[in-house]
Amino acid sequence: MKRYTVIFFLGFAILTSCKKSFVEQDNPNATTVDNFFKSENSVLLAVNGAYTSLRSGNNIGETSGLFTDERSDDTGTNDSQSNSGEPFQFGNFSILPSNTYLKSHWSSLYATIAQCNSITTNIDKVTFANGDTKTQYLAETKFIRALMYFHLVRKWGDVPLVTKTLTTTAEITANTYRQPQATVYAQIVTDLKDALGSNLPNLQTGANAGRVSKAAINGLLGQVYLTMASTLDNNKAENLTNANTYLTAAYAMRPFSNLKDIPYTDVFDVAKKTTNPEMILSIVNKQGDITYSSSIAANNQPLGETINSLKTGLGVGGNVTPDLINDYEANDPRKNFSVKYAANPQVQDWFVTKYRDASAAAGVNGYGGNDTPLMRYADIILMLAEVNMDLGNTGAAIQYLDMVRARAGMPLYAVASMDPKYTAKYPTLKLAILHERRVELAFEHQRWFDLIRFFTTPELVAFFQAKSQAAFGNAKLANFGTKDRFFPIPFDEYKLDPQKMYQNPGY
């Protein structure tokens with residue numbers, strides 16, 4: 001059977017959603033996979049292709065907040081009509097298995113996995129002048145594959161697990177079934193530990209910014225173990241210990257002494273991104289470039305506003321929930337930097353300003369240069385606060401929490417906890433850490449994952465339903481139930497084999 005480069009990277013995602021295999025359609029002008037992997041450069045091109053796939057809004061790019069932030073209590077889509085109908089389902093907790101946005105997200109994640117599988121399956125066909133180069137490419141590939149499965153298992157629970165290129169219809173059929181979360185997590189850990197044994201640098205800089213480093217691998221491993229500790233039913237103590245080990249290793253690789261020495265605004269200053277010591281991993285955007293620029297600033301600029309971009313805002317911009325606005329403490333400078341109220345009579349809503357780029361280089365088309373953060377040190381530090389809290393090391397947990405609060409210029413926890421307003425909202429250290437993660441990492445696609453890590457499903461339901469409907473927009477909080485812990489399996493996937501691709505409860 002022939003396999004072509006125009007479709008081999010789609011692989012499993014497309015094949016499991018079609019009765020007739022797309023790869024069975026011959027294209028005499030295409031290059032077969034067997035002929036593609038012939039040189040070191042061909043492997044590099046394939047690895048670069050895997051990185052590039054992450055940019056998509058259907059994947060984990062800057063506009064993928066529909067599958068994370070809009071699923072949480074931070075942002076939403078208020079328009080339930082017209083083209084906003086299907087996106088509105090995410091924040092309204094009324095998502096249908098037939099939702100085409102959901103299917104596109106599933107397909108994109110599996111397309112990237114298939115791209116990675118094509119590399120791990122075929123890389124041994126290539127002779128490398130230096131074995132370290134091969135090890136590096138494999139490490140980057142396995143990290144990306146692990147990252148994709150980490151998104152899948154947290155969003156859908158049990159999911160199909162494939163780590164090789166599937167070449168026949170029989171192979172595809174045999175692998176079209178959901179595997180337990182624990183099995184998926186085991187593969188994620190295996191891939192990341194393999195990657196950690198490579199010769200990658202502790203941090204990537206210069207022309208390699210945006211590529212995987214050992215700090216990123218350690219950070220992701222720590223987050224994976226922390227998630228396993230809170231979502232799987234066994235080995236909690238061991239998972240917490242491992243989480244602490246790898247998060248500490250990532251923190252030890254930081255290129256700065258104290259977080260407070262890095263102003264919060266500098267982290268998102270497009271003019272300083274090449275010298276930003278806090279960023280561990282990001283999707284790099286190119287200012288002024290029609291293809292590889294950032295559009296988030298311009299897209300979030302509503303009518304009458306100019307802070308985000310030179311591009312004129314004509315619509316309502318992105319919606320930020322009053323629930324998030326109310327969670328900022330008084331005088332928290334992160335609020336004024338991250339959000340702004342659009343007072344235009346046709347808008348009258350909060351919008352995101354965190355990724356602003358109103359420079360001449362971005363131009364009137366809004367081709368911004370801000371990178372998309374995937375992992376930074378404030379995230380690592382707050383996860384260290386979380387894991388130490390879970391391990392019973394309260395003093396250490398507070399020390400890590402205070403690092404982030406001190407950088408923001410906010411009262412340290414011992415002082416804040418004496419404030420009745422603070423303790424009324426955050427009566428426990430756990431809620432204080434969750435709050436700090438929310439305001440520190442707002443719009444970085446972390447909030448939903450934090451919520452499902454901090455709360456059991458019944459606790460999560462109670463958490464949402466205790467919120468004020470008035471602070472949540474048009475989305476109905478009453479819709480939130482136990483079903484919303486996971487997305488529904490896309491209908492096109494479920495119908496292939498309702499037994500092996502069983503639907504999640506409540507859908």
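All values reported here derive from a predicted model rather than from experimental measurement. Position 1 is the first residue of the sequence; numbering continues from there.
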Strictly distance-based, threshold 3.5 Å: is any side-chain N or O of [X] a donor or acceptor partner for the main-chain N or O of [Y]?
| X | Y | result |
| --- | --- | --- |
| Asp269 | Thr265 | no |
| Tyr225 | Glu238 | no |
| Gln301 | Ser309 | yes |
| Asn504 | Phe486 | no |
| Asn308 | Ala298 | no |
| Glu70 | Asp74 | no |
| Asn59 | Gly61 | no |
| Arg55 | Val284 | yes |
| Thr112 | Ser108 | yes |

To check you understand the geometry: which heavy-atom pair defines the closest contact between [X] and [Y], and what is its length?
| X | Y | value |
| --- | --- | --- |
| Ser338 | Tyr264 | OG-OH, 3.8 Å |
| Tyr413 | Asp402 | N-OD1, 2.8 Å |
| Gly91 | Phe472 | O-CE2, 4.1 Å |

On the ring face of Tyr251, is Arg254 found with NZ or CZ under 6.0 Å from the centre and within 45° of the axis?
-> yes

Do [X] and [Y] have side-chain atoms, one donor and one acceptor, less than 3.5 Å apart?
| X | Y | answer |
| --- | --- | --- |
| Asp357 | Ser294 | no |
| Arg356 | Asn300 | no |
| Ser53 | Gln115 | no |
| Asp419 | Tyr426 | no |

So among Tyr328, Tyr341, Phe443, which one has a ring-ring contact (aromatic ring centres under 6.0 Å, His included) with Trp350?
-> Tyr341

When you compare the side chain of [Y] with that of [X], does any pair of heavy atoms fall below 4.5 Å?
| X | Y | answer |
| --- | --- | --- |
| Arg145 | Asn117 | yes |
| Tyr185 | Ile188 | yes |
| Phe90 | Phe487 | yes |

Which residue pairs pass the salt bridge (charged side-chain N to carboxylate O under 4.0 Å, His left out) test when at least one of the two sits in residues 379-399, sequence neighbours left out?
-> Asp379-Arg437, Glu386-Arg453

Kindly state each residue pair satisfying salt bridge (charged side-chain N to carboxylate O under 4.0 Å, His left out) with at least one member in residues 213-236, sequence neighbours excluded.
-> none

Could you label the plane-to-plane angle of the Trp156 and Trp106 rings as parallel, tilted or perpendicular, counting under 30° as parallel and over 60° as perpendicular?
-> perpendicular

Parallel, tilted or perpendicular: rings of Phe67 and His105 (30°, 60°) | parallel

Quick check, are the ring centers of Phe464 and Phe93 under 6.0 angstrom apart?
-> yes

Is the Phe256 to Tyr377 ring centre distance short of 6.0 Å?
-> yes

Evaluate salt bridge (Lys or Arg N to Asp or Glu O under 4.0 Å) for Arg407 paired with Asp266, printing each intermediate quantity in order.
-> CA-CA 12 Å; Arg407 193 264 291 275; Asp266 282 9; over 6 Å; no

Among Glu444, Glu329, Glu436, which one satisfies salt bridge (charged side-chain N to carboxylate O under 4.0 Å, His left out) with Arg334?
-> Glu436

When rounded to the nearest 0.5 Å, the distance separating CG of Leu196 from CG of Leu221 is 6.5 Å

